[in-house]
Participant: 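The structure is given below, and queries will be raised subsequently.
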Protein chains: 4
Amino acid sequence: MKKKDMNKQTIIQDAVAEIILAEGAVSVSTTKVAKLAHIAQSNVYLYFKDKQALLDSVYQRERNRIINTTDIAELRNHDIDIETRIRYYIEQVYDYSLANPDSMNLIQQIKFLMGEDDGLVINDSPNNIVHELLQEAIDNQVIKKLPINLHMGMVFSTIHQHTNNIGDQQYPESEYKFEDIYQFIWDAMRIH
Amino acid sequence: MKKKDMNKQTIIQDAVAEIILAEGAVSVSTTKVAKLAHIAQSNVYLYFKDKQALLDSVYQRERNRIINTTDIAELRNHDIDIETRIRYYIEQVYDYSLANPDSMNLIQQIKFLMGEDDGLVINDSPNNIVHELLQEAIDNQVIKKLPINLHMGMVFSTIHQHTNNIGDQQYPESEYKFEDIYQFIWDAMRIH
Amino acid sequence: MKKKDMNKQTIIQDAVAEIILAEGAVSVSTTKVAKLAHIAQSNVYLYFKDKQALLDSVYQRERNRIINTTDIAELRNHDIDIETRIRYYIEQVYDYSLANPDSMNLIQQIKFLMGEDDGLVINDSPNNIVHELLQEAIDNQVIKKLPINLHMGMVFSTIHQHTNNIGDQQYPESEYKFEDIYQFIWDAMRIH
Amino acid sequence: MKKKDMNKQTIIQDAVAEIILAEGAVSVSTTKVAKLAHIAQSNVYLYFKDKQALLDSVYQRERNRIINTTDIAELRNHDIDIETRIRYYIEQVYDYSLANPDSMNLIQQIKFLMGEDDGLVINDSPNNIVHELLQEAIDNQVIKKLPINLHMGMVFSTIHQHTNNIGDQQYPESEYKFEDIYQFIWDAMRIH
DNA sequence: TATGAATGAGTGTTCATTCAT
DNA sequence: AATGAATGAACACTCATTCAT
């Protein structure tokens, strides 16, 4: 049993994630979580201050997964052409989203539950790098002078929609190449 | 009091809308609705079969507002250049969204609560016309051969994000013209 | 439409009876009754003081049906042999029960709801005649010296059970003759 | 306090039984049960899945009481004369009913609430033995060839009525001996 | 670390009844 | 005579959270 090695924290977080993906974030309750994690209900409060903290932690775990999976450092590498760096960024979001379709859904669900309405656009330090990158691109007149969250939101929502389409088996992954999606996004962003 | 003229149905729906916009769809409860509408809780069930029906009705009311506000018929007018029709469609979404920023948020919130994950993309008859339009555009090689919900999702999410930015006073409405937003969207869609 | 001739009282009572037979007396509510009778809920109170009065009236209606259907007078006819009169009484209960199986169930259901636990044994004036008859039979040492409600309860419960068995299609009505049932009952009552 | 030793399950079940006997099964509500058991209403759900499960458990508890109190095994002992075995069976029902008058009422009330209309005749394994016994008696022409539930219903309803009469203080227990009741029942069943 | 027991506040929903029209 | 609107009380059930052990 793999589960034996995991610590309880992780088991609980997994339960939360499972419920969110199956029934939506609204349906998460300590009762259900405990049942799914095979622990006592009160036990949840041993590992998490309250339900909010629990959801936060699941959210953060997913954020970290992204950060650890993707290579942000390169985005700051000014030796690389800015257009290339943006493409690299989009590619990473694309790869991550296809490899971890649930991850994006989790983040979206939790953000929605918490009442944040900027969709998948996340404002934390790793994303600040992206923010800087896009700001730089705007300043250098590489991409359109529009609010940065419009640029980012478009990247996320497009890729996420595409990933969900595949998950819903609307078409096979092979139907569209990265290049197709990238062209769509990049055409929007760039100055023609 | 304006409210005196309205019938109770409307008053209740307004209460629901108010709560959704202030606290999110998750927070809607018959208790709160009744309190805000200044009626007894049980009274809600005089006008709506159950909570689901209540939410549905609020959703439909918003849908109808869109349908009645926008001019779908023209989108089918084959005398008009297809590119112009798409531009016209985007313009309508843009105008509606700016004029009724809450409307989009209501729809989004209710859809989320009901567990539909295609965001603001709506699959009902008026939207089928849009669907047809975009399909025609794909067939005529006017826009990129990509899933239609990618095209539509992009229209909605971009405009909605922009509208929310204005609502959050991140910048004044005057900061960006329709043309700016349109260019962003259209560049993504069209074949270059 | 027959219903047009009936007065509302009757229509309402019919609705109550229908609900009781289909779902049990517990399920009777003014809401359901009104819906089934195609009248406004408040209208019920135009014809009946309250729910209790409504149920009482349905009960009484059934009682009267029995009284009007059966021939009690003969039971007091001392020109007739007492044993014959008892047989006649049992025969009448039997005939009525087979002809109106719902009637007995209605009475039973309503009595249950009202918390009277003497089953189908009814203590009102027409039954007092039966009571007298059986008392006379005890005094004359024709039937066993046992509480009269034991005698009566046995008559009712046996016949009612038999009727329900037929209703449940456990066996066809033809399977047992009145004589079979009568023998069972009479053997219990009489002194051997 | 005796109650301290009992576990909560039992306390709750007792509360249910008390309400049923005092006000009828219809009156059982989690609110009342909790109040009587001196616990919070929500606490009921700690011990019972739902109200149905609660009622079932009270029913089963009573069934088990009967099963554990009575001696069914002997009824199958073919070394004993069949007539004697039936008498033994009736005696056991009689003894149990007098010793536990509430028990029968509880069972009757719960069965009625659940919409089972075969009265006190119970179709579970211990009663199958009685069923077998009576079938055997019919086959051997010891008792009348009538539906078995007519035989059993008569045993139960007669004894139960008698017990209730005593409970209602219509007459003292001493007024009638078992032999009197038995004769009444047995005369009905047997072939003369 | 772990649990079961406990609870008050809240959920959606149904009910019998009243009243103005 | 008839209705629609209104309501407070009750219902079964779920929840997040606390606490003693």
Side-chain angles (χ1 to χ4, degrees), chain A residues 7-9 11-12 16 19 26-35 37-55, chain B residues 7-9 11-12 26-35 37-55, chain C residues 7-9 11-12 16 19 26-35 37-55, chain D residues 7-9 11-12 26-35 37-55:
Chain A
N7 63 15
K8 284 280 167 66
Q9 280 229 33
I11 295 177
I12 295 172
V16 172
I19 295 170
V26 185
S27 294
V28 175
S29 80
T30 53
T31 325
K32 280 186 199 160
V33 171
K35 204 165 284 172
H38 299 294
I39 55 166
Q41 194 185 170
S42 60
N43 221 324
V44 172
Y45 289 84
L46 231 58
Y47 297 94
F48 302 95
K49 183 185 153 290
D50 54 18
K51 201 189 160 190
Q52 184 61 44
L54 172 55
L55 286 167
Chain B
N7 62 17
K8 283 279 165 64
Q9 281 228 34
I11 296 178
I12 295 172
V26 184
S27 294
V28 176
S29 82
T30 54
T31 323
K32 280 187 199 159
V33 171
K35 206 163 284 175
H38 298 295
I39 55 169
Q41 190 191 167
S42 59
N43 224 323
V44 172
Y45 290 84
L46 228 61
Y47 298 94
F48 301 94
K49 186 186 151 292
D50 54 19
K51 200 191 164 189
Q52 183 63 43
L54 172 55
L55 287 167
Chain C
N7 62 17
K8 284 279 167 65
Q9 280 228 34
I11 295 177
I12 295 172
V16 173
I19 295 171
V26 184
S27 293
V28 176
S29 81
T30 54
T31 324
K32 280 185 199 163
V33 171
K35 203 164 286 172
H38 299 294
I39 56 167
Q41 193 185 171
S42 60
N43 222 325
V44 173
Y45 289 84
L46 231 57
Y47 298 95
F48 302 94
K49 185 183 152 291
D50 55 17
K51 201 189 161 189
Q52 183 62 42
L54 172 55
L55 286 167
Chain D
N7 63 16
K8 282 279 165 65
Q9 281 229 31
I11 295 178
I12 294 172
V26 185
S27 295
V28 176
S29 82
T30 54
T31 324
K32 280 187 200 161
V33 170
K35 205 163 285 174
H38 299 293
I39 55 168
Q41 190 196 164
S42 59
N43 224 323
V44 172
Y45 291 85
L46 228 59
Y47 297 94
F48 301 94
K49 185 186 153 291
D50 54 19
K51 199 190 163 191
Q52 185 61 45
L54 173 55
L55 286 167

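Chain letters run A, B, ... following the sequence lines, proteins first, then strands; residues in each count from 1.
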Participant: What is the distance, to the nearest angstrom, from the NE2 atom on H38(D) to the P atom on dA5(E)?
Facilitator: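 So the NE2-P distance, H38(D) to dA5(E), works out to 20 Å.
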Participant: Quick one: what's the B/S/- string for nucleotides 10-17 of chain F, heavy-atom cutoff under 4.0 Å, read 5' to 3'?
Facilitator: -SBBBSBB
Participant: Output the rounded distance in Å from CD1 (I39(A)) to P (dA5(E)).
Facilitator: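 To the nearest whole Å, that distance equals 16 Å.
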Participant: Can you tell me the distance, in whole Å, between the CG atom of L46(B) and the C1' atom of dG4(F)?
Facilitator: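 It is 8 Å, rounded to the nearest whole Å.
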Participant: For the atom pair CD1 (I39(A)) and CD1 (I12(A)), what is the distance rounded to the nearest 0.5 Å?
Facilitator: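 Rounded to the nearest 0.5 Å, the CD1-CD1 separation comes out at 3.5 Å.
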Participant: For the residue pair V33(C) and T30(C), establish whether any side-chain heavy-atom pair is separated by less than 4.5 Å.
Facilitator: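 Of all side-chain heavy-atom pairs linking T30(C) with V33(C), none is under 4.5 Å.
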Participant: For the residue pair L55(D) and F48(D), establish whether any side-chain heavy-atom pair is separated by less than 4.5 Å.
Facilitator: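 Result no, sub-4.5 Å side-chain heavy-atom pair not found.
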Participant: Walk me through whether I19(A) and V16(A) qualify under side-chain contact (heavy atoms from CB on, under 4.5 Å).
Facilitator: CA-CA 5 Å; I19(A) 295 170; V16(A) 172; 5.9 Å; no
Participant: Given the rule that a pair is Watson-Crick or G-U wobble with both distances under 3.5 Å, how would you write DNA chain F in dot-bracket, using | for pairs to a different strand?
Facilitator: .||||||||||||||||||||
Participant: Roughly, in whole Å, what's the span from CG in N43(A) to P in dT18(F)?
Facilitator: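 It is 15 Å, rounded to the nearest whole Å.
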Participant: Look at the side chain of K32(C) and the backbone N and O of S27(C), then say whether any donor-acceptor pair between them is shorter than 3.5 Å.
Facilitator: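 Such a contact is found between K32(C) side chain and S27(C) backbone.
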Participant: Donor-acceptor check, side chain of K51(C) to backbone of V28(C), threshold 3.5 angstrom: yes or no?
Facilitator: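 Checking the backbone N and O of V28(C) against the side chain of K51(C), a donor-acceptor pair under 3.5 Å is found.
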Participant: Sequence neighbours left out, what passes side chain to side chain contact (heavy atoms under 4.5 Å, CB included) with V26(A)? Give chain and number order.
Facilitator: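 Partners of V26(A) under the side chain to side chain contact (heavy atoms under 4.5 Å, CB included) test: L113(A), V26(B), F112(B), L113(B).
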Participant: Within this structure, what is the OH-to-C1' distance between Y47(B) and dT14(E), rounded to whole angstrom?
Facilitator: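 It is 17 Å, rounded to the nearest whole Å.
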Participant: Using whole Å, what does the distance between atom C1' of nucleotide dA9(F) and atom NZ of K35(D) come to?
Facilitator: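 Between C1' of dA9(F) and NZ of K35(D): 12 Å.
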Participant: Are Y47(B) and N7(B) close enough, and set up right, to give a side-chain contact (heavy atoms from CB on, under 4.5 Å), and what steps lead you there?
Facilitator: CA-CA 10 Å; Y47(B) 298 94; N7(B) 62 17; over 6 Å; no
Participant: Taking only side-chain nitrogens and oxygens of K8(B), does any of them come within less than 4.0 Å of OP1 or OP2 of dA6(F)?
Facilitator: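 It does, given that an N or O in the side chain of K8(B) lies less than 4.0 Å from OP1 or OP2 of dA6(F).
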